[in-house]
Amino acid sequence: MNIEKTIDSLKANGFTEYESKVYLSLLKHNPANGNMIALSSGVPGPKVYETLRKLHAKGYVYLFSGGDRSNSKSYIPMPYQDLLKLFEDSFNENLDLLNKELKNISTSNSKREMELFHIDGYDASMNLITNEIALSSSEIYLSGWSVDVAKIFKPLRKAHKDGIKIKSVIFGDNTLDIPWINISHYVVDIFNQRHKNEMNIVIDQKKAIIFNSSTDEGYSVVSDHQAMINTTTNYIRHDMYVNMIIHNFEEQLLEKYGEEFNRLIKMF
């Protein structure tokens, strides 16, 4: 195992020395807090937290469990396979070396730790979603507000152009020229309140992301557990079914359930 060459390869693809050491330390031992990473990586303690903040903002490490104090937070790394896919175009001759060395370093429990984790921050969550869209190979289910969808519209449009099947439900005023299957969510005040700041996305039936898009304190929960994936996919599908029915039979439904479907909503 040649750690120095691995670090050099990561640095050639945009990592700093400290970022490389922290990422490799997390691949080997995760989840881990800042003190543990400092001991394992050899990066000075004060620099570890600064480096973790930068890696977290870039989406290369994820917050596993949180707290008010930085040294109480634990982190896990982006799986090395996802990192390689993101950097595939620039890795070139370094790709084989990294694949071999990162596989040797990565712990066997990394997959288990990825079943459910939490990401703090609006920007970090959006970076993760953007990365996952770029990595998609077959289909994307999406439900969210137009203001947030607009921020990931460019990678979504590229994915659609590349043949990814996308189906979406969008809340709020939508001015996007959407080329894939999309349904506008019916506008009712109580619906808007219940779904406030909400975004749900499923990538390739392999990963589900539940995102609260509050700009100040945004966060997301990410899972590759099949139960979470199935539930999130079915939630989005059922919202599509219901809204299509409302759009097609609005007059009859309002007559039966009253203005803004109040008689129906009060039942639940």
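Separation of atoms NE2 (His29) and CG (Leu39) is listed at 10.5 Å; rounding is to 0.5 Å. How far CG of Leu10 is from CD of Glu17: 10.5 Å, rounded to the nearest 0.5 Å. Interatomic distance, CG of Asp239 versus CG of Asn234, reported as 12.0 Å (0.5 Å rounding). Ile119 CD1 to Ser125 OG: the interatomic distance, rounded to the nearest 0.5 Å, is 5.5 Å. Taken from CG in Leu128 to CD1 in Ile209, the straight-line distance is 4.5 Å, to the nearest 0.5 Å. Here the CG-CD1 distance, from Leu24 to Ile3, works out to 5.5 Å after rounding to the nearest 0.5 Å.
Ring pair His195/Tyr235 is tilted by interplanar angle, where 30° to 60° counts as tilted. The aromatic rings of Tyr62 and Phe117 sit parallel to each other, their planes meeting at less than 30°, with 60° as the upper class boundary.
Under a hydrophobic clustering in which Ile, Leu, Val, Met, Phe, Trp and Tyr are joined whenever their side-chain heavy atoms come within less than 4.5 Å, directly or via other members, Ile170 and Phe211 fall into the same cluster. Cluster membership for Ile140 and Val169, using ILVMFWY side-chain heavy atoms within less than 4.5 angstrom, is not shared. Hydrophobic clustering keeps Tyr241 apart from Met244 (ILVMFWY residues linked when any side-chain heavy atoms are closer than 4.5 Å, directly or through intermediates). The hydrophobic cluster containing Met36 does not contain Val48, counting ILVMFWY residues as joined when their side-chain heavy atoms lie under 4.5 angstrom apart, directly or transitively. Hydrophobic clustering, with ILVMFWY side chains joined whenever heavy atoms are under 4.5 angstrom apart, keeps Val149 apart from Ile236.
For the pair Leu86/Met78, a side-chain contact is recorded, criterion being any heavy-atom separation below 4.5 Å from C-beta on. Side-chain atoms of Asn197 and Phe171, non-hydrogen and from C-beta on, never get closer than 4.5 Å to each other. Between Val43 and Ile37, every side-chain heavy-atom pair lies at or beyond the 4.5 Å cut-off. Between Lys151 and Thr130 the shortest side-chain heavy-atom distance does not fall below 4.5 Å. At least one side-chain heavy atom of Met228 sits under 4.5 Å from a side-chain heavy atom of Ile210. Residues Gln205 and Tyr141 have side chains in contact (heavy-atom distance under 4.5 Å, counting atoms from C-beta outward). Ile201 is not listed as a side-chain neighbour of Thr232, based on a closest heavy-atom distance of 4.5 Å or more. Counting heavy atoms from C-beta on, the side chains of Glu50 and Lys47 come closer than 4.5 Å.
Ser168 contributes no side-chain N or O that, together with a main-chain N or O of Leu142, makes up a donor-acceptor pair within less than 3.5 Å. A donor-acceptor pair is defined here as one N or O able to donate and one able to accept, closer than 3.5 Å; no such pair exists between the side chain of Asp123 and the backbone of Ala57. Asp204 contributes a side-chain N or O that, together with a main-chain N or O of Ser137, makes up a donor-acceptor pair within less than 3.5 Å. Proximity of a side-chain donor or acceptor of Asp120 to a complementary backbone N or O of Tyr219 within less than 3.5 Å is not detected.
When all heavy atoms of Ser213 and Glu198 are compared, the closest pair comes out as OG-N, 4.4 Å. Asn131 approaches Lys58 most closely through the heavy-atom pair ND2-O, 4.0 Å. Shown here for Leu26 and Tyr75, the closest heavy-atom pair between the two residues is CD2-O, 3.4 Å. Heavy atoms only, all atoms of each residue included: His185 and Phe191 are closest at CE1-CD1, 3.8 Å. Between Ala38 and Gly45, the closest heavy-atom pair is CB-CA, 4.1 Å. Between Ser184 and Asn243, the closest heavy-atom pair is O-OD1, 4.0 Å.
No side-chain donor-acceptor contact under 3.5 Å links Ser25 and Ser41. Judged by distance alone, the side chains of Tyr60 and Asp82 never bring a donor and an acceptor atom under 3.5 Å apart. Between the side chains of Asp148 and Tyr122, at least one donor N or O sits under 3.5 Å from an acceptor N or O.
Around atom CG of Asp173, no more than 12 heavy atoms belonging to other residues, nucleotides or ligands sit under 6.0 Å away. Few gaps surround CZ on Phe153; more than 12 heavy atoms of other groups in view lie less than 6.0 Å from it. Atom NZ of Lys54 is surrounded by 12 or fewer heavy atoms from other residues, nucleotides or ligands within 6.0 Å. Environment of CG in Asn248: crowded, with over 12 heavy atoms of neighbouring residues, nucleotides or ligands closer than 6.0 Å.
Ion pair Lys207/Glu132 flagged as a salt bridge, since at least one NZ, NE, NH1 or NH2 atom sits closer than 4.0 Å to an Asp/Glu carboxylate oxygen.
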Show me the side-chain donor-acceptor pairs of residues 250-260 shorter than 3.5 Å, one per line, residues at least two apart or across chains.
{"from": "Glu250", "atom 1": "OE2", "to": "Tyr186", "atom 2": "OH", "distance (Å)": "2.6"}

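A side-chain contact (heavy atoms from CB on, under 4.5 Å) with Phe15 is found for exactly one of Leu55, Thr51, Asp8, namely Leu55.
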